[in-house]
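The structure under discussion appears below in the form of structure tokens.
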There are 2 protein chains.
Amino acid sequence: MASLSTAAQTSATALPPTRYDKRMSEILAHATEVFREKGYEGASMRDLSRATGMSLAGLYYYFESKERLLFLIQKHTFTTIVARLKKRLEHVSDPEEKIRAFILNHLEYFLANPAAMKVLSHEAEVLKSGFALELAASKREYYRICVALLGDLKQEWELEFSTRLAVLSLFGMMNWIYTWYNPRIDADAAAIAREMGDIFLRGVANGCKTSLKKTDFNSRCKESPNGNHHAAGKR
Amino acid sequence: MASLSTAAQTSATALPPTRYDKRMSEILAHATEVFREKGYEGASMRDLSRATGMSLAGLYYYFESKERLLFLIQKHTFTTIVARLKKRLEHVSDPEEKIRAFILNHLEYFLANPAAMKVLSHEAEVLKSGFALELAASKREYYRICVALLGDLKQEWELEFSTRLAVLSLFGMMNWIYTWYNPRIDADAAAIAREMGDIFLRGVANGCKTSLKKTDFNSRCKESPNGNHHAAGKR
DNA sequence: ACTTGAATCGAACGTTCGTTCGAATTTCTC
DNA sequence: GAGAAATTCGAACGAACGTTCGATTCAAGT
């Protein structure tokens with residue numbers, strides 16, 4: 001039978017990984033890559049068998065179904081990114097920096113694990129009720145954290161906007177990256193996080209109430225012609 | 001055989017729609033809905049047969065393959081949204097208003113045709129080389145239009161930022177909407193377009209070079225406490 | 001009414017799908 | 001190195017897949 005420690009074990013119960021655990025992780029990694037390439041429905045168990053070098057029947061020693069395999073991938077990915085985020089936020093107190101940390105955490109993990117994050121983003125609807133419910137909890141927690149961070153910013157900066165729309169717009173900006181990111185063209189996670197952070201934070205900060213009236217904006221900006229827009233946002 | 005006018009006929013060759021054309025459109029509409037619900041790979045020809053009320057073999061009188069069916073849906077959707085955009089942009093000259101028109105056009109069509117837009121966004125990678133190439137051209141044209149609009153804004157407002165990242169962030173904000181929009185909770189297309197436009201345009205406008213340094217920003221904003229942030233962006 | 005081509009259908013094709021099972025093999029324990 | 005437990009496998013299951021084909025029904029012109 002399987003060992004007591006599951007593959008998606010939290011760092012709290014850090015038993016030494018058993019042989020079973022290691023093999024499990026290998027299979028999960030290969031499956032993640034296959035799901036990224038062909039999609040969950042488009043990938044067959046025979047594709048996974050080929051990618052892992054394990055027989056078709058052998059896979060079922062680790063997973064009772066293809067659906068549970070997808071669930072484990074998504075659950076593990078979500079758990080990891082939330083855990084990293086919480087650890088990261090401990091060392092930050094400023095609301096703006098917290099949101100920047102959120103964005104950086106998301107994009108760093110996204111670009112370091114593009115396959116897992118694409119599977120998480122793109123196959124978000126395929127799991128059936130049982131699996132879907134458990135995953136929805138993780139998703140909700142992650143969403144709530146971002147809402148709370150933005151709420152703090154709203155209060156500190158005395159802003160007014162729809163938190164829901166702002167958070168979902170931010171997720172859209174970040175998650176859409178799997179459709180276009182090219183490591184040979186695009187900057188690294190830190191740079192993209194900075195630029196997206198600039199766009200989002202400036203966008204959400206409705207400070208100067210005339211800032212979007214074109215004429216006012218233009219005349220105001222003529223007085224202080226813009227320099228390197230990176231200088232201000234540098235951490 | 002099929003009539004001369006194809007189902008995805010452009011408005012230029014506006015022949016009266018034949019019986020064949022009308023039936024074709026019906027099938028396309030039903031298929032779009034099924035693809036939205038179950039995904040392209042997850043939907044079977046038997047699902048489409050059930051949804052359209054037509055026999056399995058009957059469908060193949062209109063489409064030579066399931067893949068071509070998806071292609072026709074995506075091609076028609078893209079063609080329509082680009083055509084609407086071009087017509088809309090004719091009546092606008094101001095760069096900011098042009099981008100707002102772009103966003104409004106995209107979101108209006110998105111929320112009026114959520115199934116088609118989800119299929120366009122979510123099944124963007126499944127078509128094979130032949131179909132994929134033709135669709136990539138439409139995609140590229142749409143992307144280029146947005147790049148050009150943003151280029152104009154950059155020039156008029158004397159801004160500096162990565163156009164590629166800004167455009168792709170905007171697409172992310174807009175296209176992600178299919179994962180969360182709920183007509184019972186969320187505002188209509190015009191309101192969301194306004195809010196997203198505010199976020200994006202303010203975000204991209206790096207006018208006041210100190211705008212994101214928290215201390216400076218805060219002190220600057222204390223002088224003119226923010227009012228209704230919608231007032232400025234009203235069309 | 002009869003002909004003709006367009007439109008639709010039932011039934012089946014061969015293939016691939018996810019999953020199972022008992023046997024074989026490997027690994028671990030003593 | 002023998003025995004037990006953990007792991008892997010070949011072979012097959014029934015179901016569902018996309019697609020085809022010959023026959024049938026429908027709509028329109030004469």
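Throughout, protein chains are lettered first and strands after them, A, B, ... in sequence-line order, and every chain is numbered starting at 1. No hydrogens, no waters, no symmetry mates; every other heavy atom, side chains included, goes into these values.
- The distance from atom OH of A/Tyr60 to atom NZ of A/Lys66, rounded to the nearest 0.5 Å, is 8.5 Å.
- Comparing A/Ile27 and B/Glu67 by the nucleotide of DNA chain D that holds the closest heavy atom to each, the one mapping nearer the 5' end is A/Ile27.
- Contact annotation: A/Tyr62 side-chain N/O to D/dT8 OP1/OP2 distance is under 4.0 Å.
- In the set C/dT19, C/dA12, D/dT8, the nucleotide with an atom closest to the side chain of A/Tyr61 is D/dT8.
- One atom, CG of A/Leu56, and another, P of C/dC21, lie 14 Å apart when rounded to the nearest Å.
- Distance B/Glu41 CD to C/dT16 P: 15 Å, rounded to the nearest Å.
- Using a 4.0 Å cut-off between charged side-chain N and carboxylate O, B/Glu90 and B/Lys87 make no salt bridge.
- For A/Tyr20, the listed nucleotide lying nearest its side chain is D/dT7; candidates were D/dT7, D/dA12, D/dT20.
- Of the candidate nucleotides D/dC17, C/dG10, C/dT19, D/dC17 has the atom nearest to the side chain of B/Arg46.
- Along DNA chain C, the nucleotide nearest A/Glu64 and the nucleotide nearest B/Gly53 are compared for position; the residue whose nucleotide lies closer to the 5' end is B/Gly53.
- Not one side-chain nitrogen or oxygen of B/Ser44 sits closer than 4.0 Å to the OP1 or OP2 atom of D/dA16.
- Put simply, A/Arg23 has a side-chain N or O that comes within less than 4.0 Å of OP1 or OP2 on D/dT8.
- Closest to the side chain of A/Arg19, out of D/dG18, C/dT19, C/dC28, is C/dC28.
- Position along DNA chain D of the nearest nucleotide to B/Asp47 versus A/Ser55 favours A/Ser55 as the more 5'-ward residue.
- Using a 4.0 Å cut-off between charged nitrogen and carboxylate oxygen, B/Glu134 and B/Lys75 count as a salt-bridge pair.
- Summarising the geometry, the separation between CZ on B/Arg68 and P on D/dG18 is reported as 18 Å, rounded to the nearest angstrom.
- Atom C1' of nucleotide C/dC13 and atom OH of B/Tyr60 are separated by 13 Å, given to the nearest angstrom.
- A straight line from CG of A/Leu69 to C1' of C/dG18 spans 12 Å, rounded to a whole angstrom.
- Rounding to whole angstrom units, CZ of residue A/Arg50 and C1' of C/dC17 are separated by 13 Å.
- In plain terms, the two heavy atoms of B/Lys154 and B/Phe161 that are nearest each other are NZ-O, 2.7 Å.
- Atom CE of A/Met24 is separated from atom P of D/dT7 by 11 Å (rounded to the nearest Å).
- Classified by interplanar angle (parallel below 30°, tilted 30° to 60°, perpendicular above 60°), the ring pair B/Phe171/B/Phe102 is perpendicular.
- Atom NZ in B/Lys38 sits roughly 8 Å away from atom P in D/dC17 (whole-Å rounding).
- If you check D/dC9, D/dG18, C/dT19 against the side chain of B/Met45, the one that comes closest is D/dG18.
- In this structure, A/Phe63 reaches neither bases nor backbone, as no heavy-atom distance under 4.0 Å exists between it and the strands shown.
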